Protein chains: 2
Amino acid sequence: MKWDIASHRDDKPAGRIRQKNEDIIIAAAEAEFAHNGFKGATMNNIAQRADLPKSNIHYYFKNKLQLYIEVLTNIIDLWDNALNDLDGDAEPGDALRAYITEKMRFSYEYPLASKVFAKEILSGAPRLAEYFNDDYQDWFNSKTHVFRRWAEQGKIDPVEPAHIVFLLWSSTQHYSDFEVQISAALGKKKLNKKDFEEATDVLCKIVIRGLGVKED
Amino acid sequence: MKWDIASHRDDKPAGRIRQKNEDIIIAAAEAEFAHNGFKGATMNNIAQRADLPKSNIHYYFKNKLQLYIEVLTNIIDLWDNALNDLDGDAEPGDALRAYITEKMRFSYEYPLASKVFAKEILSGAPRLAEYFNDDYQDWFNSKTHVFRRWAEQGKIDPVEPAHIVFLLWSSTQHYSDFEVQISAALGKKKLNKKDFEEATDVLCKIVIRGLGVKED
DNA sequence: GTCTATAGCCGGATAGAC
DNA sequence: GTCTATCCGGCTATAGAC
């Protein structure tokens, strides 16, 4: 793992009850951190969301920071493991459509994860300093590589790949991070699956055409 | 004004000292709220950033919420007054280029404003409920109108205008809100003006081409 | 393993001296 | 108009009963 903050969870036997309670607490913490950020979140609120006594949280997690790190680690692991990269062997149009669709599905299914991460970065990412180290740059370069190759092969226009990646990230995450604003703009109470699919269509169309992909 | 929360500042004479101190405090508060969010921010930190004793803050602003509302109001006023809409009379390519350029300049010049607003929305916007009312939907519809007209005139492809607006918002704000992640990805300490200009170019190119604008 | 009680600190807010 | 001193509530964290 790129980001190796030691976790006390590895030290103790993972009993059935322990595992279950830790999962409940992490889910509750994720919601609380998404709403109030690291500093604004309280162990009290987390306990209430988890429907457990407050000191129970302290029994399973050393302190607030530790719990927060666990939540962030969970989120990053989820994305790293479940989100497929752009498929460099496929045609650009197909690969981009698949990638955008998948990112939008993540925005729809894990809105809290995206929000916790976003708030941490907005705060200047003081608790992710280790994560955003030199390795991160290498990891990022591996993401841009596919665009460079497509450009060399004349399959897309030659535009700076880094900014393409930022565009893909920003436009897709926006639908989970700014959902409140978007639904207010659309006059809806909440966005549903169809809204996300419509957005996915528009994004695919604009990005694929915008990059100059030759479609059949 | 669309969003009419009464301010105590209107009630008192705006002396020279008062005006100056309030400006200092609001700037300090903006930075503090950007870093720690509403709940996480402390009056103590704001006082330190403003280099004033804590109770001075309470003298000028009734309480933390009031101060926060003032900061948010300032931000929204700034955007409403200084950000031009898309020019429907111009050619789509020119209008879009002008709009994207201006939004990116705002991201570069007022990164804190964008962050405070973003955090509020990520939190579910409980302190902007009044702002995101029915009027907001009308205001938003006036933004999408220009795309509808261009589509009717055959000047751009017929794609759902709302999602075009969201794409413009998300892709430009991303550079100020997620600056830490972006600079880490690019291996820089901080983004400079040239980075923003490069990003502007890429965004203009992809969006204009992606919407099927006929360029000369 | 679980919960109550509480220590100890820090937060927002105010009273009142200057 | 400015600042010191302070109240009180809520916060993290822990000690210790069960």
Side-chain angles (χ1 to χ4, degrees), chain A residues 7-72 119 123 126-127, chain B residues 7-72 119 123 126-127:
Chain A
S7 160
H8 79 284
R9 295 172 80 191
D10 305 329
D11 308 336
K12 296 189 183 166
R16 226 174 282 105
I17 304 170
R18 171 167 217 99
Q19 191 59 53
K20 192 187 133 210
N21 278 339
E22 285 189 355
D23 289 350
I24 290 173
I25 293 169
I26 288 204
E30 190 181 54
E32 172 67 7
F33 287 128
H35 276 86
N36 296 323
F38 175 67
K39 288 214 182 166
T42 73
M43 300 297 265
N44 226 327
N45 286 347
I46 293 171
Q48 274 177 255
R49 285 179 196 268
D51 199 28
L52 285 168
K54 185 171 54 150
S55 29
N56 221 308
I57 317 292
H58 277 99
Y59 174 71
Y60 288 111
F61 298 91
K62 211 177 75 201
N63 53 33
K64 191 178 162 184
L65 179 60
Q66 176 85 48
L67 174 53
Y68 183 65
I69 295 288
E70 301 267 0
V71 170
L72 281 178
K119 278 202 167 167
S123 300
R127 275 106 10 189
Chain B
S7 160
H8 78 285
R9 294 173 82 192
D10 305 330
D11 307 337
K12 295 191 184 168
R16 228 175 280 105
I17 304 170
R18 172 169 216 98
Q19 192 58 53
K20 192 187 131 210
N21 277 340
E22 286 189 355
D23 289 350
I24 291 172
I25 293 169
I26 288 204
E30 190 182 53
E32 172 68 7
F33 287 130
H35 276 87
N36 296 322
F38 176 69
K39 289 213 181 165
T42 74
M43 299 299 264
N44 229 325
N45 287 347
I46 293 170
Q48 275 177 254
R49 284 180 196 269
D51 199 28
L52 285 168
K54 184 167 61 148
S55 28
N56 222 310
I57 317 292
H58 276 99
Y59 174 70
Y60 287 111
F61 298 92
K62 212 177 74 201
N63 54 34
K64 189 177 161 183
L65 179 60
Q66 176 85 50
L67 175 52
Y68 184 66
I69 296 287
E70 300 267 1
V71 170
L72 280 178
K119 277 204 169 166
S123 301
R127 275 109 5 191

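Numbers restart at 1 for each chain; the letters A, B, ... are given by sequence-line order, proteins then strands. Quantities reported herein were computed from a predicted structural model and do not represent experimental measurements.
Every residue meeting the salt bridge (Lys or Arg N to Asp or Glu O under 4.0 Å) condition with B:Glu32, not counting sequence neighbours, appears here in chain and number order: B:Arg49. Taking A:Ala34 as the reference, A:Leu112, A:Lys115, A:Val116 meet the side chain to side chain contact (heavy atoms under 4.5 Å, CB included) condition, with sequence neighbours excluded. Contacts of A:Leu65 classified as side chain to side chain contact (heavy atoms under 4.5 Å, CB included), with partners at least two apart in sequence or in another chain: A:Phe38, A:Asn63, A:Ile69, A:Arg127.
A donor atom on one side chain and an acceptor atom on the other are found under 3.5 Å apart for A:Lys119 and B:Ser123.
In this structure, the NZ atom of B:Lys20 is 13 Å from the C1' atom of D:dT2, given to the nearest Å. Spacing between atom CD1 of A:Ile57 and atom C1' of C:dT4 amounts to 15 Å, rounded to whole angstrom units. To the nearest angstrom, P of D:dC11 lies 10 Å from NZ of A:Lys64. Atom CZ in B:Phe61 sits about 15 Å away from atom P in C:dG12, given to the nearest Å. One interatomic measurement links the two molecules: CD1 of B:Ile24 to P of D:dT2, which rounds to 10 Å at whole-angstrom precision. To the nearest angstrom, P of D:dT12 lies 11 Å from CG of A:Asn63.
Here the side chain of B:Lys64 pairs a donor or acceptor atom with the backbone of B:Ala41 at under 3.5 angstrom.
If you check residues 35-55 of chain B against DNA chain C, the residues with a heavy atom closer than 4.0 Å are B:Ala41, B:Thr42, B:Met43, B:Asn44, B:Lys54, B:Ser55, listed by number.
Distances were taken from every side-chain heavy atom of B:Asn56 (C-beta onward) to each of D:dT12, D:dT2, C:dT2; the shortest belongs to D:dT2.
Checking the phosphate oxygens (OP1, OP2) of C:dT2, no side-chain nitrogen or oxygen of A:Tyr59 falls inside 4.0 Å. Considering only side-chain N and O atoms, A:Tyr60 lies nowhere under 4.0 angstrom from the phosphate OP1 or OP2 of C:dG1. Within the 4.0 Å cut-off from OP1 or OP2 of D:dA13, at least one side-chain nitrogen or oxygen of A:His58 is found.
Taking the side chain as every heavy atom from C-beta outward, A:Phe33 and A:Ile46 approach each other to under 4.5 Å. At least one side-chain heavy atom of A:Phe61 sits less than 4.5 Å from a side-chain heavy atom of A:Ile26. Using a 4.5 Å heavy-atom cutoff, the side chains of A:Arg18 and A:Tyr59 are in contact.
Shortest non-hydrogen contact noted between B:Ile25 and B:Asn56 is CD1-O, 4.5 Å.
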Using a cut-off of under 3.5 Å, enumerate the N/O to N/O pairs linking the protein to nucleotides 16-18 of chain C.
none

